[in-house]
Amino acid sequence: MAMTMNGEIQLAASREAVWAKLNDAAVLKVCIPGCEELERIDDQGFRAVAKMKVGPVSARFKGRVTLTDLDPPSSYNIVGEGEGGVAGFAKGSARVNLLERDDGTLLTYQVDAQIGGKLAQLGQRLVNGTAKKLADEFFANFARAL
């Protein structure tokens, strides 16, 4: 099952400050819903473990996230892949842009993802609703962390 999602959030911090926090494993770990482990493994990647629940399916996903096309402090791509055992898999990418706006930073994102296994059997509406809720929770946590 494929899905796309996009959005934006106005943050009350400089573009440089937002960029630094977006690349800080400790900050991201507390912002990502269900994140149990997040470890930087090199300049462009993280190893992650997160527990997620989508409808009746709950799983612990283990995966890797790689940052590509870095243009500090303006933009990057995030490419990730995770395995959740019998629950299935998730993989995808996101384009993140940071624009100076209104004495702060406008963060925009465009996500393209694919899921498979039991998760894909739950239906597009439930999966999209959960993805939107998780994204909203991440950005609310991230705004507080700034």
How many angstroms lie between atom [atom1] of [X] and atom [atom2] of [Y], to the nearest 0.5 angstrom?
X: Glu137; Y: Lys132; atom1: CD; atom2: NZ; value: 12.5 Å
X: Leu38; Y: Ile32; atom1: CG; atom2: CD1; value: 5.0 Å
X: Arg47; Y: Ile41; atom1: CZ; atom2: CD1; value: 8.0 Å
X: Asn6; Y: Thr108; atom1: CG; atom2: OG1; value: 9.0 Å
X: Asn128; Y: Met1; atom1: CG; atom2: CE; value: 7.5 Å
X: Glu8; Y: Gln110; atom1: CD; atom2: CD; value: 12.0 Å

Does [X] use its side chain to pair, donor to acceptor, with the backbone of [Y] at less than 3.5 Å?
X: Gln124; Y: Ala2; answer: yes
X: Arg40; Y: Asn23; answer: yes
X: Asn141; Y: Cys31; answer: yes
X: Gln10; Y: Arg101; answer: yes
X: Ser74; Y: Leu98; answer: no
X: Asp42; Y: Gly45; answer: yes
X: Ser75; Y: Asn97; answer: no

Non-hydrogen side-chain atoms of [X] and [Y] separated by less than 4.5 Å:
X: Phe46; Y: Glu39; result: no
X: Val96; Y: Leu107; result: yes
X: Asp112; Y: Met5; result: no
X: Glu100; Y: Thr105; result: no
X: Leu134; Y: Pro33; result: yes

Are [Y] and [X] co-members of a hydrophobic cluster defined by side-chain heavy atoms under 4.5 Å apart?
X: Val49; Y: Ile78; result: no
X: Phe138; Y: Met3; result: no
X: Tyr76; Y: Val27; result: yes
X: Val79; Y: Leu70; result: no
X: Val57; Y: Phe89; result: no

Can you see which heavy atom on [X] is nearest to which on [Y], and at what distance?
X: Ala59; Y: Ala87; result: CB-CB, 3.3 Å
X: Ala17; Y: Leu146; result: O-CD2, 4.2 Å
X: Val54; Y: Leu122; result: O-CD1, 3.3 Å

Going by the rule ring-ring contact (aromatic ring centres under 6.0 Å, His included), which residues pair with Phe139 if we only count those two or more places apart in sequence or in a different chain?
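Once residues adjacent in sequence are excluded, the partners of Phe139 under the ring-ring contact (aromatic ring centres under 6.0 Å, His included) criterion are Tyr109.
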Is the number of heavy atoms from other residues, nucleotides or ligands under 6.0 Å of Lys53 NZ greater than 12?
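More than 12 heavy atoms, drawn from other residues, nucleotides or ligands, come within 6.0 Å of this atom.
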Around atom CG of Asp69, are there more than 12 heavy atoms of other residues, nucleotides or ligands at under 6.0 Å?
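Yes.
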Against Glu36, only a single residue in Arg60, Lys51, Lys62, Lys29 fulfils side-chain hydrogen bond (donor to acceptor under 3.5 Å, both in side chains); can you say which?
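In the set Arg60, Lys51, Lys62, Lys29, the residue that makes a side-chain hydrogen bond (donor to acceptor under 3.5 Å, both in side chains) with Glu36 is Arg60.
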